[in-house]
> 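I have a structure I would like to understand better, so I am pasting it below and will then ask my questions one at a time.
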2 protein chains.
Amino acid sequence: MAERKLSSTNYRNQSFLEEKCSLNELLDLVSKRWVCDVLFSIEEGNKRFKSIKEDLTFISDTILADRLKLLERYGFIERAYFDEVPPRVEYTITEKGEELSSLLDNMCKFSETVHQYITEPVRL
Amino acid sequence: MAERKLSSTNYRNQSFLEEKCSLNELLDLVSKRWVCDVLFSIEEGNKRFKSIKEDLTFISDTILADRLKLLERYGFIERAYFDEVPPRVEYTITEKGEELSSLLDNMCKFSETVHQYITEPVRL
DNA sequence: ATAGTTACTCATAAATAAATTAGCTATGGC
DNA sequence: GCCATAGCTAATTTATTTATGAGTAACTAT
């Protein structure tokens with residue numbers, strides 16, 4: 001995927017916000033498409049690339065691979081590789097991942113109470 | 001700002017996820033750049049367009065106007081207009097906004113414990 | 001010999017989000 | 001008559017994210 005342009009205002013603003021508050025960095029991660037859903041899928045017991053992919057219906061290989069890598073990098077999931085043919089890889093959620101998941105659950109409950117109030121589509 | 005293309009896979013996937021779980025819709029909102037920061041700024045007592053703008057340093061008029069509109073649409077802030085010259089508008093946080101803010105505070109505390117573990121920059 | 005398997009990577013194209021620039025409103029002060 | 005003011009909007013450009021389509025290893029079953 002494309003490189004970021006370090007000299008852009010876009011980049012400067014993102015960095016500014018992330019430094020101001022680490023919440024912004026966490027939000028940048030969990031708001032990337034499929035990230036939460038991949039985490040939840042693993043939490044529910046889908047360990048393998050293929051079963052996660054099937055669970056999430058429309059996700060592509062490229063994006064799933066990327067999201068798994070991100071979640072691993074942040075320590076929310078762990079990856080175990082078995083040198084077989086065909087290759088086998090198993091993902092599991094970490095303690096930190098469980099913590100994140102429960103915070104997201106809270107937000108989810110809250111979001112359900114919010115959306116009763118929104119009738120018209122919200123678009124920019 | 002530009003219209004969305006309703007026939008794109010991108011749009012279908014976003015809709016799919018939002019329908020699957022309303023968390024995704026809430027995350028789409030709060031992860032838009034500056035949204036949380038605007039909310040927090042208002043919570044801290046900045047009522048006017050200009051003072052919020054000054055508080056957030058790099059935000060532009062366009063984006064601030066958009067984010068205020070979004071937050072109002074979701075019922076997290078309220079807008080009061082006073083017909084004076086020059087015009088005066090005051091924003092205040094709602095109860096629902098306070099709730100959201102406290103959920104975000106929890107995430108913020110969590111994110112601080114996470115980031116000690118990340119040493120190298122995370123990039124795709 | 002060929003097709004199927006899993007968990008990916010790479011290059012590119014399409015879609016979207018964010019930033020920039022300009023302008024608008026009506027009145028009061030100079 | 002001209003500029004400043006606050007809180008915006010619209011059109012455009014730039015940057016970034018997401019999706020697509022192809023290809024890889026190395027073995028197994030047909």
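All chains are named by letter (A, B, ...) in the order of the sequence lines, taking the proteins before the strands, and each is independently numbered beginning at 1.
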> Just the rounded figure in Å: distance from P of dT21(C) to CD1 of Ile63(B).
14 Å

> Can you check the Asp66(A) CG to dT16(D) C1' distance for me, whole Å?
13 Å

> Want to settle it: does Asp61(A) or Asp61(B) sit nearer the 5' end of DNA chain C, counting the closest nucleotide to each?
Asp61(A)

> Output the single nucleotide from dT9(D), dA17(C), dT9(C) whose closest atom is nearest the side chain of Gln14(B).
dA17(C)

> Is there a side-chain contact between Arg33(B) and Ile63(B) (heavy atoms, below 4.5 Å)?
no

> Between Ser8(B) (side chain) and Tyr11(B) (backbone), is there a donor-acceptor pair under 3.5 Å?
yes

> Tell me which residues in residues 41-49 of chain A put a heavy atom below 4.0 Å from DNA chain C, sorted by number, or none.
Arg48(A), Phe49(A)

> Choose from dA15(C), dA19(C), dT9(C) the nucleotide whose nearest atom is closest to any side-chain atom of Lys69(A).
dT9(C)

> Between dT18(D), dT16(D), dA15(C), which nucleotide gets closest to the side-chain atoms of Lys5(B)?
dA15(C)

> Does Glu90(A), at its CD atom, have more than 12 non-hydrogen atoms belonging to other residues, nucleotides or ligands within less than 6.0 Å?
yes

> Taking the side chain of Val85(B) as its heavy atoms from C-beta onward, which of dA26(C), dT9(D), dA6(D) lies nearest to it?
dA26(C)

> From CD of Glu54(A) over to P of dT5(C), roughly how many Å is that when rounded to an integer?
11 Å

> The side chain of Tyr11(A) is closest to which nucleotide in this list: dT16(D), dA18(C), dA6(D)?
dT16(D)

> Quick one: which of dA7(C), dA26(C), dT18(D) gets closest to the side chain of Asn10(B)?
dT18(D)

> Across the strands shown, which category fits Arg79(A) at heavy-atom distances under 4.0 angstrom: base, sugar-phosphate, nothing?
sugar-phosphate

> Note down the inter-axis angle between the two ends of the helix from dA1(C)-dT30(D) to dC30(C)-dG1(D), five pairs each, to the nearest 10°.
30°

> Hey, is CD on Glu84(B) packed in by over 12 heavy atoms from elsewhere, all under 6.0 Å?
yes

> Considering only side-chain heavy atoms of Val89(A), which listed nucleotide, dG7(D), dT16(C), dC8(C), is closest?
dC8(C)

> Cut-off 3.5 Å, no hydrogens considered: what does the side-chain donor-acceptor table look like for residues 35-46 of chain B, sequence neighbours left out?
| unit_1 | atom_1 | unit_2 | atom_2 | d |
| --- | --- | --- | --- | --- |
| Asp37(B) | OD1 | Asn24(A) | ND2 | 3.3 |
| Ser41(B) | OG | Asn46(B) | ND2 | 3.0 |
| Ser41(B) | OG | Asp55(B) | OD2 | 2.6 |
| Glu43(B) | OE1 | Ser101(B) | OG | 2.7 |
| Glu43(B) | OE2 | Ser101(B) | OG | 3.1 |
| Asn46(B) | ND2 | Ser41(B) | O | 3.2 |
| Asn46(B) | ND2 | Asp55(B) | OD2 | 3.3 |

> What's the closest nucleotide to the Thr62(A) side chain, out of dT9(C), dA26(D), dA19(C)?
dT9(C)

> Between dA18(C), dC8(D), dT20(C), which nucleotide gets closest to the side-chain atoms of Tyr91(B)?
dC8(D)

> Among dA15(D), dT6(C), dA18(C), which nucleotide has an atom closest to any side-chain atom of Arg67(B)?
dA18(C)

> Which part of the nucleic acid does Ser60(B) contact within heavy-atom distance under 4.0 Å: base, sugar-phosphate only, or nothing?
base

